[in-house]
Amino acid sequence: MQRTSRAAKTGTLVLVLVGLGAGVVHALPEPADRAIEPTVERSVGTWAMPLDGWVQPGSEKAAYAEDLVVQPCLREAGIDFPPPWATVDGLEAASDAAETPERGNPAPALSWTRPLDEDTARTSGYHAPSTAGANRDGRRAWGEDPERNAAFADAAQSAVTRCFRQAERTVGTDDPDGSVQRASMTAKRLTFLAGTAAREDETVVAAAARWHTCMADADVPDLPRAPSEMPSQSMKMDYGTNLASTPVQDAEIAVAERDVSCQHSSGYRDALYDAEWRRLSHVTATDAAVLHAAEPDQRDVERHLDEVIRDQAPESPSGR
């Protein structure tokens, strides 16, 4: 009896260990071993990345284009309240500002992993692009207009639904089964992870050290170790870079332009681009299935949205 009891206990122990082992194996990360055909051509200048073709345009831009296109159909249904002005650049900036990496967002807008470029440095320094062109106050007032809302309440809901579905098809934002949105979220998540991880690549770290040396005379007392950590805390305080209400100052622009110049001369920009692109050339089987369930045509959709807005939007106060 004693030997039988011991054997039973031993067998139980083996089963437990085997079970634990199986659990550990099951918990291992899924390998990123599925090659992905790039959806765009390489371009350091535009910071094009392999999965960009799956990334949907900003939500504010898409919604505004739909609001423009849907008007003739709504008018027939008894709703005649055309939207106010907005601009492509303003809507894009507003969309990016709403999709930050903060509060644990795993799939922020692509702009959050792209390094500072010459145009932005020259016009905005380290300030975020202006969202003024989104005309948020005007569009909010339009959306809350009691007469407009009453017209929607009085209209046949089947007609209203048909109008909006038709508008989505017209501008290319229709997504009946959600596959386009799932692919977009996956592409943004993977691009954010790759962009963040690429900063730790050996070639990127070495280039960052050369950038730091190049920036030594830039008059930044707390100069960080890498461009991804700019602007420094002192610059945020001195120039109010986190506040849209603060003006962009000449001294801020001078540092930003030096920053971009040093990124180029140190080889940082090329090294970072190569490291991020390389990380996005393979994905897991699970992510590949999500991506391939949708067409990587979102760049064409975005171009169409831009055309609709530029052609149909009321003129902005600035005339742009």
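In this chain, residues are counted from 1 in sequence order. For clarity, every value in this text was computed on a predicted model and none was experimentally measured.
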Heavy-atom closest contact ([X] atom, [Y] atom, distance):
X      : Y      : result
Met49  : Val40  : O-CG2, 3.1 Å
Ser95  : Glu60  : OG-N, 3.1 Å
Pro108 : Phe192 : CG-CD1, 3.4 Å
Tyr268 : Ala207 : CA-CB, 3.5 Å
Val180 : Asp175 : N-OD1, 3.0 Å
Ala198 : Glu276 : CB-N, 3.7 Å

If you count every heavy atom of other residues, nucleotides or ligands that lies below 6.0 Å from [X] atom [atom1], does the total exceed 12?
X      : atom1 : answer
Asp222 : CG    : yes
Asp300 : CG    : yes
Glu118 : CD    : yes

Exercise. Is Asp274 salt-bridged to Arg42, cutoff N-O under 4.0 Å?
Worked result: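 A salt bridge is present here (some side-chain N lies under 4.0 Å from a carboxylate O).
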Exercise. Hey, are Lys236 and Glu229 close enough for a salt bridge, meaning a charged N less than 4.0 Å from a carboxylate O?
Worked result: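 Salt bridge absent between Lys236 and Glu229.
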State plainly whether one hydrophobic cluster holds both [X] and [Y], where clusters connect Ile, Leu, Val, Met, Phe, Trp and Tyr through side-chain heavy atoms under 4.5 angstrom apart.
X      : Y      : value
Val248 : Leu116 : no
Met185 : Leu51  : no
Ile309 : Val171 : yes
Val260 : Tyr239 : yes
Val283 : Val290 : no

Exercise. Is there a donor in the side chain of Ser234 and an acceptor in the side chain of Ser232, or the other way round, less than 3.5 Å apart?
Worked result: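 Yes - a donor-acceptor pair under 3.5 Å links their side chains.
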Problem set entry | Exercise: do Thr87 and Asp89 side chains pair donor with acceptor under 3.5 Å |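 No pair is found: no donor N or O on one side chain lies under 3.5 Å from an acceptor on the other.
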Let me check something: any side-chain donor-acceptor pairs from residues 150-166 under 3.5 Å, sequence neighbours excluded? List them with distances.
from, atom 1, to, atom 2, distance (Å)
Gln157, NE2, Phe152, O, 3.0
Gln157, NE2, Ala155, O, 3.1
Thr161, OG1, Gln157, O, 3.0

Exercise. Do any N or O atoms from the side chain of Arg279 and from the backbone of Ala275 form a donor-acceptor pair under 3.5 angstrom?
Worked result: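 Yes, the answer is positive, given that a donor and an acceptor are paired below the 3.5 Å cut-off.
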Exercise. Considering residues at least two apart in sequence or located in another chain, which fulfil the salt bridge (Lys or Arg N to Asp or Glu O under 4.0 Å) criterion with Asp119?
Worked result: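 Once residues adjacent in sequence are excluded, the partners of Asp119 under the salt bridge (Lys or Arg N to Asp or Glu O under 4.0 Å) criterion are Arg122.
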Exercise. In a check of salt bridge (charged side-chain N to carboxylate O under 4.0 Å, His left out) between Asp287 and each of Arg189, Arg34, Arg182, which one passes?
Worked result: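 When Arg189, Arg34, Arg182 are each tested with Asp287, the salt bridge (charged side-chain N to carboxylate O under 4.0 Å, His left out) holds only for Arg189.
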Does any non-hydrogen side-chain atom of [Y] lie less than 4.5 Å from one of [X]?
X      : Y      : result
Met215 : Asp259 : yes
Thr186 : Trp54  : no
Pro224 : Met230 : yes

Show me the side-chain donor-acceptor pairs of residues 63-78 shorter than 3.5 Å, one per line, residues at least two apart or across chains.
from, atom 1, to, atom 2, distance (Å)
Tyr64, OH, Pro84, O, 2.6
Tyr64, OH, Ala86, N, 3.3
Glu66, OE2, Thr173, OG1, 2.6
Gln71, NE2, Asp67, O, 2.8
Arg75, NE, Asp80, OD1, 3.1

